[in-house]
Amino acid sequence: MEAFERNIRKVEPYVPGEQPRQRVVKLNTNENPYPPAPGVERALKELDTADFRLYPDPACSVLVDAIADFYKVGRDQVFVGVGSDDVLSLCFLTFFNSDKPILFPDITYSFYKVWAQLYRIPYECKRVDEQFRIVREDYYGENGGVIFPNPNAPTALYEDLELVEDILRHNRDVIVIVDEAYIDYAGPSAVELVDRYDNLIVTQTFSKSRSMAGMRIGYAIANPKLIRYLNDVKYSFNSYTLNRASLVCGAEAVKDRAYFEETVEKIKATRERAMERLGSLGFSCTRSSANFLFATHPDCDARELFEALKREGIYVRWWDSERIRQYMRITVGTDEEMEKLFAFLEQYLSKGE
Ligand SMILES: *Cc1c(COP(=O)(O)O)cnc(C)c1O
């Protein structure tokens, strides 16, 4: 090791799902199989490229206003960023500054560990139970903050707001972040708790239910004071985070509630059919409240199946990680995409017998 390397900030990076260039059945990164709301295309066509020479609005007002209207919260309760990864990373930097460890589940979004390491935040992983459920009592002790996704990823399990509120009640002295990347496919959102718990931050994203992973838009909803703290850090870091196209396209996407609800319902319907079908093929899945399935099969090795699917041009996600090595995470695609998956699985399983 060269001497200068000793002072380099080193981190074991998050490994994103593959983004293959060729046409494949892509069920590996939980994108939406349907296009964004029609208004997005119109807004993009109406953009005046001459304006690209100018910096975008640092306050992101058109988008913040659209989100505030949709969720019926104040404009001063909304913060937007370049995907919720950007928002979450800024939240770690801003709110997790204690010498005590922050807490999150052992099976969860793998970025949390990366940010904790990058920002040198002490952390402790709390074991989810044998059914992959969050154990609320694990979050009662002293800590430097709490974060968990609801629904959790990659388990797809949704915890009732009663559990979320219980964890909030036991953690009035620290910030609790609920990462709701998949909430639109699940049940009630913790956004409704924001006015009662001033230590709560809820983050959501345009990447899944709003079909805009490529535009990179995420947001946080919290009380105005926490939003101000977030903005202070953002303005000390990079003031112009969202570009002009993302701001107007994002605002258009939020305004079309009907299209949003329709595509969410389509995905939920496909999910239910897919769970049944996988069940009839001998898989067991967790009760999914997201746009993906977490599935295991008693007679086949998940890694081998993952590799076989990939050779067939069907991409799903698999982790070489302790408790979930025999599981695959399968994004809910269109019905046609799911049929291709099932056709292959049928053939694969019949060969094994
Ligand atoms: C997809 C995802 C995110 C981040 O998505 P962005 O594309 O950065 O908005 C955050 N948390 C979880 C649990 C996710 O699955």
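The chain is numbered in sequence order, starting from 1. One-based numbering, in listed order, for ligands and for the atoms of each. All of these numbers come straight from a predicted model, not from anything done at the bench.
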### Query
Going by an N to O cut-off under 4.0 Å, is there a salt bridge joining E124 and K126?
yes

The closest protein heavy-atom partner of atom 11 (N) of ligand 1 is D179 OD2, 2.7 Å

d(I134 CD1, I167 CD1) to nearest 0.5 Å is 6.0 Å

Ligand 1 atoms nearer than 4.0 angstrom to some heavy atom of R216 are 6 (P), 7 (O), 8 (O)

- Is it the case that one hydrophobic cluster holds both V174 and L103, taking links as side-chain heavy atoms less than 4.5 Å apart, direct or via other members? no

Heavy-atom proximity to atom 15 (O) of ligand 1 ranks first, among Y182, F148, Y112, for Y182

Ligand 1 atoms nearer than 4.0 angstrom to some heavy atom of S207 are 6 (P), 7 (O), 9 (O)

Practice item. Assess N30 for proximity to ligand 1: is some non-hydrogen atom of it under 4.0 Å away? Key: no

Exactly one of V202, V178, V176, L168 clears side-chain contact (heavy atoms from CB on, under 4.5 Å) with L193, and that residue is L168

A student checking ligand 1 against G83 at a 4.0 Å heavy-atom cut-off should list atoms 8 (O), 9 (O)

The single option from F111, F96, Y112 that satisfies ring-ring contact (aromatic ring centres under 6.0 Å, His included) with F104 is Y112

- Under 3.5 Å: N/O of Y109 near N/O of ligand 1: no

In terms of heavy-atom contacts, A220 and I201 come closest through CB-CG2, 4.0 Å

Which of E337, E31, E18 passes salt bridge (charged side-chain N to carboxylate O under 4.0 Å, His left out) with K26? Answer is E31

For A181, the ligand 1 atoms with a heavy-atom partner under 4.0 Å come out as 2 (C), 11 (N), 12 (C), 14 (C)

Note: D85, heavy atoms under 4.0 Å from ligand 1, region reported as both

